[in-house]
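Please read these numbers as outputs of a predicted model, since none were measured by experiment.
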Amino acid sequence: MATIRNLGLIAQLRSETSRHVIRYRNGRIRQSGRGLVFWFRPETASISEVPVDDREMTLFVRGRSRDFQTLAVQGTIGWHVIDPELLASRVDFAIDLVTGKLRSEPVEWIEARISGIAGQAILQYLGERRIDTLLDGGPEPVRGTLETVLTTSAALAEIGIAAVSVRLTNLAPSSELERALQTPTFEALQQKADEATFARRALAVEKERAIAENELATRTELARREKLLIAEEAENTRDRAAGLAEAQGLEAAAEAERIRLVEGARAEAEQRRVAVYRDLPPAVLLGLAARELAGKLETIEHVNVTPDLLAAALGEFRRGAPAPVAVR
């Protein structure tokens, strides 16, 4: 915006370098240039201020494909003024000579013209193609077509405007169509997710089965080893019992042999003793018996001697006794 300082009948204008100022007097151009500073008489002057910097506008177009599917195209278009004097002659860029502000909205008018040209080109492009072709191609083919249309547009060139850039950020179908198009992909992804889930479950079941089989094999092996251990312990027990029985048998045999030897020795001694007594005369036997009896008188409480026994003993004693010897 130009800065104007009024000093009564005259005024001073100071403009920025991004603005092209054109001063008219009596319908003719008196001064024209960027960043001018000059004095003028407000009652006789008419001044236009044209922006010459690069501008950028938003583009949004909703159209239909050849198969009647709705799409939205969104992006930005950059433009600038290439002929300020021509543009000022076609579009009103006059400023208020007191405030320095534009009296109208010429920039909006220019952007509306650019938007109309771009929208018409996009609608034509969309209407000539099917929805699958448009979506597969993406926004780049549309951008290329739009850029060609704008750079060769006579409607812009005749007012001194040129498009410098075209950027499309989105080429999207309607929400209903987008959901419909997403369904097969979503179903495929869901199927893959389900398959992955089933695979994980199958792997988990397989691992659990392997673990169960391993546990069963471990228990079986432990049972087999326990069985072997029990068999070995039983065998050891039987061996110990057999060894103990054998030892006891050997000991009993040895004891029996010892008893047999002792008893045999006793029997043999008794036989020899009996043999000795057998050859002795009865009188000697009676004497020995009397001596044996005399040795045990202290323990004998009473003795019963019948007359028959006494008579028999005396008779035997007389037959075998030697001649009596007088004892003095």
How long is the span from the [atom1] atom in [X] to the [atom2] atom in [Y], to the nearest 0.5 Å?
| X | Y | atom1 | atom2 | answer |
| --- | --- | --- | --- | --- |
| Ile47 | Arg30 | CD1 | CZ | 13.5 Å |
| Ile22 | Ile95 | CD1 | CD1 | 11.0 Å |
| Ile161 | Arg55 | CD1 | CZ | 10.0 Å |
| Arg179 | Thr183 | CZ | OG1 | 9.0 Å |
| Tyr24 | Gln31 | OH | CD | 12.5 Å |

ask   = So, is the end of the Arg23 side chain (NZ or CZ) under 6.0 Å from the ring centre of Phe38 and within 45° of the ring's axis?
value =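 Yes, a cation-pi geometry holds between Arg23 and Phe38.
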
query = Would a distance-only check, ignoring hydrogens and angles, find a side-chain to backbone donor-acceptor pair under 3.5 Å from Arg19 to Ala2?
reply =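 No; judged by distance alone, with no hydrogens or angles, the pair does not exist.
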
key: Main-chain N/O of Ala45 paired to Arg25 side chain as donor or acceptor, under 3.5 Å   =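 Such a contact is absent between Arg25 side chain and Ala45 backbone.
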
key: Pair Ser32-Glu85, side-chain hydrogen bond (donor to acceptor under 3.5 Å, both in side chains): steps then yes or no   = CA-CA 8 Å; Ser32 177; Glu85 293 182 1; 2.7 Å; yes

ask   = Is it true that Lys192 and Glu195 have a side-chain N and a carboxylate O under 4.0 angstrom from each other?
value =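 Not counted as a salt bridge, because no side-chain N and carboxylate O are separated by less than 4.0 Å.
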
Derivation and outcome, side-chain hydrogen bond (donor to acceptor under 3.5 Å, both in side chains), residues Glu232 and Asn236 = CA-CA 6 Å; Glu232 291 180 359; Asn236 292 334; 5.7 Å; no

query = So, for Pro141 and Gly138, which heavy atoms are closest and what is the spacing to 0.1 Å?
reply =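 Nearest pair, atom of Pro141 first, then Gly138: CD-O, 3.3 Å.
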
